[in-house]
Amino acid sequence: MTITRIAGLREKLQGLGTDAILVTNAVNRRYISGFTGSSGVLLVSQKDSWLLTDFRYMTQAPQQAAGFTVVEHAQKWIETVKELAVSAGIKKMAFEQDTVVFSEYAAWKSSLGDAVELVPVSGVIEGLRMYKDESELAIMRDACKLADDTFQHMLSFIKPGLVEREVALEMEMFMRSRGATSSSFDTIVASGERSALPHGVASDRVIGNNEFVKLDFGAYYNGYCSDLTRTVVVGKPTDRHREIYEIVLEAQLATLAGIKPGMTGKEADAIARDIITRYGFGDKFGHGTGHGLGMEIHEAPRLSVSGTTVLEPGMTVTVEPGIYLPGFGGVRIEDDIVITATGNSLLTSSPKTLFILE
Ligand code: GLY
Ligand code: MN
C-alpha cells in the first residue's frame, strides 16, 4: 500500500521541479508511510525514501513504514535532513508550506544555508488523498457504520430533561467502546433554539419538549473519519418544524440523486442551494453543501459556491444542507458518499424520516 503511495508521490515530484520533497504534515506522513507516531518527517526523492523520527519510535517506525529507511534523527531533525540531502545530491527540496509556521521555516533556512534550496508547495499529497482506494473505502464504510449504529442507539436514549453534554458523552462512549479511537470532531448536540447554531457543540442546556435536537458527529476509526448529521424532534413537532425539515430533506435527497463525476463542487452545491432558495430560505443556509472527508474531517474537495474542483470517482464527500432560523431552531441532514463512475454511492445509511422522540 505505502509502496504504491510512494510511487504516486514520486510521479507528483516530477512536476515540482525539485530533487525531493520534505513531508512535515503529520496526516500526509501517515498516508504516505503508514507511520502513526506523533513525531517524524519524510524525505522522499526519486531514489530514496527516508523516515526521520526519534528514539521513542525506533521499533515501531520500521514495523509500520514499509519502503522507508528509518533514521533516528539528531536533536534538531533538520540537521539530519541536511546531512541526508547533501549525501544524496539533493539541491532543491519541496516543503509543505501550509504546515510550517514562520519561526520554524526561518530555523530550517538557517540550518540548511546554501546547501539545500527550499521550494514551497501546496496540496501535493492532499491531491493524492482525494482519491480513496478500496482499502480506504473499506475503513470509511466501517467508520460510517459506527456512526449509523450510534444514531440508532441514540434514538432510544434521547429524551426531555437530558443535558446536551450527557447525550454527547453517550455518543462518544458508544463509538469508543466499538473501536473508534475518538470522535472525529467535537460532538454537536444542539437542542431547541441552539439547533439554529450550525456548529453548536454540546452545552449544559437541558433538552426540552417540542423542539429539535441536531446531532452532528462521527467516528475517527483506523485513521479515517465519518461525519453524520441527523435532526430529530423531542416531543411534538409544529408545522414550522415539519416545514423546514421537509425542505432540507428535499434538498439533500435531490443533491444525492444529482451528484455525479464531471460536476464541479459549485454545481453540486447549487443543487441543494437552489431548492432551499426557491423556498425562501437561501439566506438561512450560509455554509457549503459538503466537504471532502477522509483522514481529516475537512479536506478537498469542497462542495460550495467556490468549489472549482471537478468531482471524480473515488472522491468521498459529505452532503449536508441545512436551514437555521435564529430564535427558533435549525435542521441539517448529512450523509457521506463516494463518487462512482456513474454517480455516487452512500457510505452512511441512517434513515431520514423525521424521528419524533417522546
Ligand atoms: N460535521 C462537522 C462539519 O462538517 O463541520
Ligand atoms: Mn460535515
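In this chain, numbering begins with 1 at the start of the sequence shown. Each ligand, and each atom within it, is numbered from 1 in the order the structure gives.
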Taking the basic N atoms (NZ, or NE/NH1/NH2) and the acidic carboxylate oxygens, is any pair closer than 4.0 Å for Asp149 and Arg178? no
Identify the protein heavy atom lying closest to atom 4 (O) of ligand 1, giving its residue, its atom name and the separation to 0.1 Å. His291 NE2, 2.9 Å
Hey, which of Glu334, Lys214, Gln252 is the one that makes side-chain hydrogen bond (donor to acceptor under 3.5 Å, both in side chains) with Thr229? Glu334
From the Mn ion (ligand 2) out to just under 2.8 Å, does an N/O/S atom of His298 turn up? no
Lys132 bridged to Glu299 by N-O distance under 4.0 Å: yes
For atom 3 (C) of ligand 1, what is the closest protein heavy atom, and at what distance to 0.1 Å? His298 NE2, 3.0 Å
Nearest 10° is fine: what angle sits at the Mn ion (ligand 2) between OE2 from Glu334 and OD2 from Asp227? 80°
Of all N/O/S atoms in Glu320, which lies nearest to the Mn ion (ligand 2)? OE2
Closest heavy-atom approach to atom 1 (N) of ligand 1 among Asp227, Val201, Thr318 is made by Asp227
Under 4.0 Å between a side-chain nitrogen and a carboxylate oxygen: does that hold for Asp274 and Arg278? no
With heavy atoms of Phe185 as the reference, note each atom of ligand 1 found under 4.0 Å away. 1 (N), 2 (C)
Stacked cation flag Arg29 on Tyr31, 6.0 angstrom / 45 deg: no
Listed once per pair and sorted, the salt bridge (charged side-chain N to carboxylate O under 4.0 Å, His left out) pairs that draw on residues 310-326, sequence neighbours left out: Glu320-Arg332
